[in-house]
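Accompanying notes for the structure given below.
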Amino acid sequence: MSNILVTGGAGYIGSHACKALKAAGYTPVTFDNLVTGWQDAVKFGPFEQGDLLDRARLDEVFAKYQPQAVMHFAALSQVGEAMAEPGKYWRNNVSGSLTLIESAVEAGCLDFVFSSTCATYGDHDNVVLDEDTPQHPLNSYGASKRAIEDILRDFEAAHGLRHVIFRYFNVAGADPEAEVGEFHRPETHLVPLMLDAIEGKRDALTVFGTDYDTPDGTCIRDYVHVCDLVDAHVLGLNWLEQGKGSRVFNLGTGSGFSVREVLDHSRAVTNREVPHVIGPRRGGDCTKLVSGSVRAARELGWTPRRSTLAEMIADAWRWHQSGHYDR
Ligand code: UDP
């Protein structure tokens with residue numbers, strides 16, 4: 001069985017990717033520093049603790065497992081924190097990724113799947129966001145991801161590093177079997193915060209801004225189920241195995257929902273009120289991020305199966321109530 005090095009395999013998306021990789025016949029080797037990840041989320045393959053900035057440790061892990069490919073999820077990913085502490089994002093995300101890429105190239109591991117983000121696009125009024133849309137990120141998180149995309153292109157030109165870049169829209173939901181799910185501390189993402197508020201585990205949700213230029217004044221996002229998202233990664237790995245060359249893919253459904261609409265769906269799915277208050281805008285937030293591309297469907301054969309808002313919230317709700325969530 002082929003080993004795949006999964007950085008951030010103890011995190012939300014990485015742990016779901018490990019489950020999908022195992023189901024597809026690969027051995028996912030998690031590399032994670034456990035700063036934002038959880039060791040009990042590593043259930044589907046070996047675990048190696050380490051930091052992306054530690055080149056010697058990375059070299060050791062590449063030598064031990066000789067992975068066929070890297071799936072690189074490990075990153076800091078909070079917009080608010082990125083605005084307040086940009087240095088942390090440049091150091092961890094960019095320097096860490098550069099160290100990983102150099103170690104992979106030296107080990108001869110030349111297939112690389114990278115988690116990028118629609119936050120690299122920034123605000124574009126009435127423009128369909130496809131993979132050719134100019135990237136003008138509004139925050140250091142998006143800027144750090146765009147920089148890593150550039151590094152990958154340079155390393156392809158110089159060293160033949162083949163890569164698939166996935167620009168995620170908003171990831172939500174959880175494994176329907178509730179073996180893994182979303183769990184950040186601190187939590188900053190809309191769906192888990194709403195479910196926490198419903199359960200009284202935290203204060204009311206603050207809606208960040210109702211004065212955006214959208215029909216109901218709240219920001220619009222394109223939500224994609226984490227299981228659909230990681231299925232695309234397995235397809236991306238197959239794409240590289242088939243020698244198809246480096247490619248960028250948006251991963252979104254093409255449907256946008258406002259914060260108020262997500263609140264309404266949460267109420268409908270859980271049959272409970274969502275305690276919430278209206279607050280000011282959060283710095284660095286784009287008005288609307290919705291994918292306008294069908295490239296992943298057309299070229300990878302990717303079909304989102306669980307990405308209705310109702311299913312994402314229902315799966316997240318099941319995970320919240322599974323007992324695993326209360327670490
Ligand atoms: N949001 C909100 N209150 C919160 C967290 C998020 O109103 O406590 C909004 C946020 O402004 C954005 C959307 O929900 O419009 C999704 O935010 P999230 O942090 O989940 O993902 P992001 O879009 O930043 O990747």
Side-chain angles (χ1 to χ4, degrees), residues 11-13 36 73 75-86 89 93 115-124 129 135 137-146 166-174 181-199 201-226 229 250-253 255-267 274-291 307 309 312-313 315-317 319-320:
Y12 170 41
I13 301 171
T36 56
F73 297 97
L76 298 173
S77 61
Q78 295 171 27
V79 170
E81 184 185 55
M83 297 298 284
E85 297 179 80
Y89 277 68
N93 291 0
S115 324
S116 188
T117 169
C118 63
T120 60
Y121 293 123
D123 257 339
H124 293 269
L129 296 180
Q135 293 170 287
L138 299 189
N139 54 64
S140 303
Y141 166 59
S144 71
K145 291 284 187 173
R146 186 185 62 179
F166 287 119
R167 294 190 188 134
Y168 305 167
F169 284 71
N170 282 60
V171 189
E182 183 166 18
F183 189 86
H184 299 105
R185 283 294 176 268
E187 186 55 78
T188 63
H189 293 107
L190 183 62
V191 172
L193 287 178
M194 264 180 204
L195 300 181
D196 275 355
I198 289 173
E199 291 188 290
K201 287 182 176 158
R202 65 175 75 232
D203 295 343
L205 177 94
T206 302
V207 175
F208 292 145
T210 52
D211 59 347
Y212 284 96
D213 185 16
T214 61
D216 68 19
T218 62
C219 291
I220 294 178
R221 296 288 182 272
D222 178 341
Y223 293 86
V224 56
H225 196 295
V226 64
L229 187 95
N250 278 357
L251 292 180
T253 64
S255 300
F257 294 94
S258 71
V259 175
R260 283 195 202 279
E261 287 174 315
V262 180
L263 274 166
D264 290 342
H265 276 81
S266 297
R267 190 181 304 116
V274 188
H276 64 278
V277 295
I278 307 300
R281 292 184 179 200
R282 177 174 68 177
D285 269 345
C286 299
T287 303
K288 179 176 175 182
L289 288 167
V290 178
S291 178
S307 292
L309 211 41
M312 286 183 272
I313 294 168
D315 287 344
W317 184 234
W319 159 249
H320 267 244

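Note that the numbering runs from 1 along the sequence shown for the chain. These numbers were taken from a predicted model, which means no experiment stands behind them. Note that ligands are numbered from 1 as they come in the structure, with each ligand's atoms numbered from 1 the same way. Side chains are part of it too, since the values below use all heavy atoms of this structure and drop only hydrogens, waters and symmetry mates.
When each of L289, N170, T253 is checked for a side chain to side chain contact (heavy atoms under 4.5 Å, CB included) with D222, only T253 meets the rule.
Ring geometry, H124 versus Y121: the interplanar angle exceeds 60°, so the pair is classed perpendicular (tilted spans 30 to 60°). Ring geometry, Y89 versus Y141: the interplanar angle exceeds 60°, so the pair is classed perpendicular (tilted spans 30 to 60°).
Of all the heavy atoms of T188, the ones lying under 4.0 Å from any atom of ligand 1 belong exclusively to the backbone. Residue-level proximity to ligand 1 for V259 is carried by the side chain, the only part with a heavy atom below 4.0 angstrom. At a heavy-atom cutoff of 4.0 Å, ligand 1 is contacted by the side chain of R221 but not by its backbone.
Against a heavy-atom cut-off of under 4.0 Å, T206 is close to the following atoms of ligand 1: 2 (C), 3 (N), 4 (C), 7 (O), 8 (O). Within ligand 1, the atoms closer than 4.0 Å to a non-hydrogen atom of C219 are 15 (O), numbered from 1 in the order shown. Those atoms of ligand 1 that come under 4.0 Å of a heavy atom in H189, given as number and element, are 18 (P), 19 (O), 20 (O), 21 (O). Atoms of ligand 1 lying under 4.0 Å from at least one heavy atom of D285, given by number and element, are 10 (C), 11 (O). For ligand 1 and L205, the ligand atoms under 4.0 Å from any heavy atom of the residue are 8 (O). With ligand atoms numbered from 1 in the order given, ligand 1 contributes 16 (C), 21 (O), 22 (P), 23 (O), 25 (O) to contacts under 4.0 Å with heavy atoms of N170. The ligand atoms of ligand 1 that sit less than 4.0 angstrom from a heavy atom of V207 are 7 (O).
Using a 4.5 Å cut-off on side-chain heavy atoms (C-beta onward), R281 and D211 make contact. Between L205 and D196 there is no side-chain heavy-atom pair separated by less than 4.5 Å. Taking 4.5 Å as the limit, some side-chain heavy atom of E182 sits within range of a side-chain heavy atom of E187.
Side-chain atoms of N93 never come within 3.5 Å of backbone atoms of K145 as a donor-acceptor pair (strictly under, hydrogens ignored). Without hydrogens or angle criteria, Y12 side chain to A174 main chain gives no donor-acceptor distance under 3.5 Å.
Of all protein heavy atoms, the one lying nearest to atom 8 (O) of ligand 1 is L193 CD1, 3.3 Å. Remark: minimum distance from atom 14 (O) of ligand 1 to any protein heavy atom is reached at L190 CD2, 3.5 Å.
Between atom 1 (N) of ligand 1 and the options Y141, Y223, F208, Y168, the minimum heavy-atom separation is to F208. Here the shortest heavy-atom distance to atom 19 (O) of ligand 1, taken over H276, R282, E187, R260, belongs to R282.
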Check the pair W317, I198 against side-chain contact (heavy atoms from CB on, under 4.5 Å), reporting the backbone distance first and the verdict last.
-> CA-CA 10 Å; W317 184 234; I198 289 173; 3.8 Å; yes
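Within 6.0 Å of atom CG in D203, 12 or fewer heavy atoms from other residues, nucleotides or ligands are found, so the atom counts as exposed in its surroundings.
On a distance-only criterion, V79 and ligand 1 share no N/O pair closer than 3.5 Å.
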